Amino acid sequence: MGLLTIIRKNRQKEKEMRILFLGLDNAGKTTILKKLNGEDILGVSPTLGFNIKTFAHGNYTLNIWDVGGQRTLRPYWRNYFEQTDALVWVVDSGDRMRMKDCKEELHTLLLEDRLAGASLLVFANKQDLQGSMTDVEIRDALDLRSIKSHHWKIWSCSAVTGENLVTGLDWVVADVAGRLYYSTTASPIQAPVPVVVV
Amino acid sequence: MSDPTWSFSQAFSADFQASRIELESRVESAKATTTTADGLNALSLDLAKLTKTLADATGSLPSYDQRQYELQLKGLERSLEELRALLPKSKFAFKRKAPVASTPAPPTPVSMAVPEIPPQTDSVSTNLTLSSHSFKYLSTASLPSASHASDLTISDLNGCIVNLLPDMGDAEPRSLEISALHIRNLTDTLLLLPVIRGSVLLHDLRRCILIVGCHQFRMHTSTRVDVYLSIPSTPIIEHCSQIRFTAYPATFSQDTSPNVFAVRDFSHIRATPSPNWSAVPEEALVMQWPVGTITSEEEIADALNTLLP
């Protein structure tokens, strides 16, 4: 029994995932979480510090960390990187003026060693508002197609109507599960074969 | 040769070489001129990215190539180190913010340089914007009518009065429904806004009055602003100074939240009260608002001069 097998078996018992919600302020991170959890979203105030939510999703227990996105809080994001299985990056689709800022913060995060391997779900939030950028526009604005180091997917969603929130979460949970618990969900990935170049 | 690893290494080598040469030329030009710390940081960041792409490709490249690339990156790293050594060390010191000039708006119109926003060519969705005006009275007539809940961007205004309140006397009110507001770079401007469902995000306001009702309120890097606010959550400010808050005027909407809110200052997370905001003192409360359209620039300037803090 190799070390990897032991680790996998161990995780299988827990079936837990740690998911980190990040994004600029006003993106709607806390509102998405409250909506997912069936809570009232009217009184949500800008987050000072962080919120933790734990809930069951399919066979898994999700530990979701939602960290405030104000500029003064962003240096503290790094304190939450450890053991992260998935990163959910939430975008305010109406915030055209800060798309560049949003792109830079995201790409800086992806260089982080402790987030290496984490699945990346991008939520293009606030689609209920007319004038929001579409998921395709946001994909290009954030230059998502240049990301080779992480599995990623973008979903347009609305925290107010609840559109696509569960669908997005389904994808990220399945993606993490396929990686951590792949012995139970998929056939083992074929190891790359060394190639001799003539 | 149709081997996937081979074609990957081909494509990778081309990309990598292009990025490396580009970075090298930037380092060279940085050597020729004097660099700033920011410029140097940008270079190191790009180098880090390139190093990471190389690390990610490990195993898919011929080992000789991999070794060569690593050496090239090491060389770049050394050049950057040399540059960094040349940089004058900045002494650590507490900085005092420069006092804000308190000159009133000149009564005569001057052409204001408005930062150009590059046109988004590949964009298909369009949003409502109110942007780049000086010394004007702007109302809902300045906006295209929208039947759905919309996101409105207000930016780059100087010496303006913006009135987007629903017209009480209008028998057929315009069907404009704003749900979210993004506001940036306003000077000497008065904003009369309705109570909206969504959030308001503000950046870079100087000497303004803002009347708005919303679900969430975030204000950044602003100074000397009076806010007449109706809100069910906690409004926040960050990197702001001389901000004053009070209740939304009852004359514009009956549907307002009670005037009990605590403002949270993210630049002052302590038990002591924040020095950056206060309540609008009674004697400074505005009772008469310019809700009717004003056409002359002088009258707009006069109205603003009597109202603004």
Side-chain angles (χ1 to χ4, degrees), chain A residues 24-28 30-31 40-49 68-73 92-101 104 107-108 110-113 116 126-138 140-141 146 148-150 159-160 191-198, chain B residues 1 3-6 9 45 48-49 51-53 55-57 59-60 62 117 120 122-129 146-153 155 177-185 197-201 203 215-218 220-221 231-236 238-239 264 266-267 269:
Chain A
L24 303 189
D25 52 313
N26 198 41
T30 310
T31 308
D40 175 38
I41 57 169
L42 280 178
V44 178
S45 292
T47 306
L48 174 62
Q70 306 298 328
R71 195 168 276 284
T72 32
L73 299 181
D92 171 0
S93 306
D95 196 356
R96 289 159 194 269
M97 292 185 289
R98 289 200 301 171
M99 274 302 156
K100 193 168 163 279
D101 211 5
E104 280 162 12
H107 284 266
T108 312
L110 296 180
L111 291 175
E112 189 62 46
D113 282 341
K126 308 202 185 181
Q127 293 291 328
D128 53 306
L129 302 182
Q130 204 185 49
S132 291
M133 291 169 75
T134 64
D135 49 354
V136 173
E137 285 168 357
I138 290 174
D140 293 344
S146 74
K148 303 279 186 267
S149 47
H150 297 68
V160 174
V193 183
V195 176
V196 182
V197 180
V198 192
Chain B
M1 205 60 173
D3 195 295
T5 313
W6 169 246
S9 96
L45 190 66
K49 280 181 189 158
T51 313
K52 187 162 166 57
T53 27
D56 288 344
S60 313
I117 298 159
Q120 288 180 313
D122 56 346
S123 184
V124 281
S125 67
T126 49
N127 66 333
L128 286 176
T129 52
S147 49
H148 297 90
S150 281
D151 195 317
L152 172 67
T153 301
S155 66
E177 195 201 334
I178 306 163
S179 286
L181 277 161
H182 292 93
I183 300 174
R184 189 182 279 262
N185 193 23
R197 271 198 306 116
S199 65
V200 178
L201 181 64
H203 285 87
H215 167 218
Q216 287 185 336
F217 180 94
R218 295 174 173 91
H220 301 272
T221 49
I231 190 167
S233 64
T234 309
I236 71 129
E238 189 179 53
H239 305 129
R264 189 172 268 165
F266 274 61
S267 311
I269 305 170

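Only a predicted model underlies this, so the values are computations on that prediction, with no experimental measurement involved. In what follows, chains carry the letters A, B, and so on, assigned in the order in which the sequence lines appear, proteins first and then strands, with residues in each chain numbered from 1.
Contacts between B:Leu152 and chain A at a heavy-atom distance below 4.5 Å are absent for every atom of the residue. With a 4.5 Å cut-off on non-hydrogen atoms, A:Arg98 touches chain B through its side chain but not through its backbone. A:Ile41 touches chain B through its backbone: at least one of N, CA, C or O sits under 4.5 Å from a heavy atom, while the side chain does not.
Side-chain atoms of B:Asp151 and A:Lys126, non-hydrogen and from C-beta on, never get closer than 4.5 Å to each other.
Between B:Arg197 atom CZ and A:Leu129 atom CG the span is 7.0 Å, to the nearest 0.5 Å. Distance check, rounded to the nearest 0.5 Å: CZ of B:Arg218 to CD of A:Gln70 gives 5.5 Å. The CG atom of A:Leu110 lies 10.0 Å from the NZ atom of B:Lys49; values are rounded to the nearest 0.5 Å. The distance from the CE atom of A:Met97 to the OG1 atom of B:Thr153 is 5.0 Å, given to the nearest 0.5 Å. Distance check, rounded to the nearest 0.5 Å: CE of A:Met133 to CG of B:Asn127 gives 9.0 Å. Taken to the nearest 0.5 Å, the CG atom of A:Leu111 stands 6.5 Å off from the CG atom of B:Leu45.
Checked options B:Thr234, B:Ile236, B:Ile231; the residue passing with A:Ser45 is B:Thr234 (criterion: side chain to side chain contact (heavy atoms under 4.5 Å, CB included)).
For B:Glu238 (side chain) and A:Thr72 (main-chain N/O), a donor-acceptor pair under 3.5 Å exists by modelled atom type.
With sequence neighbours left out, the side chain to side chain donor-acceptor pair (under 3.5 Å) criterion links A:Asp135 to no other residue. Residues forming a ring-ring contact (aromatic ring centres under 6.0 Å, His included) with B:His220 (at least two apart in sequence, or on another chain): B:His203.
No other option in A:Leu42, A:Val160, A:Val136 has as many heavy-atom pairs under 4.5 Å with chain B as A:Leu42. Ranked by non-hydrogen atom pairs under 4.5 Å with chain A, the options B:Thr53, B:Leu201, B:Asp56 are led by B:Leu201.
Between B:His182 and A:Asn26, the closest heavy-atom pair is NE2-ND2, 4.0 Å. Of all the heavy atoms in A:Pro46 and B:Phe217, the pair that sits closest is CG-O, 4.4 Å.
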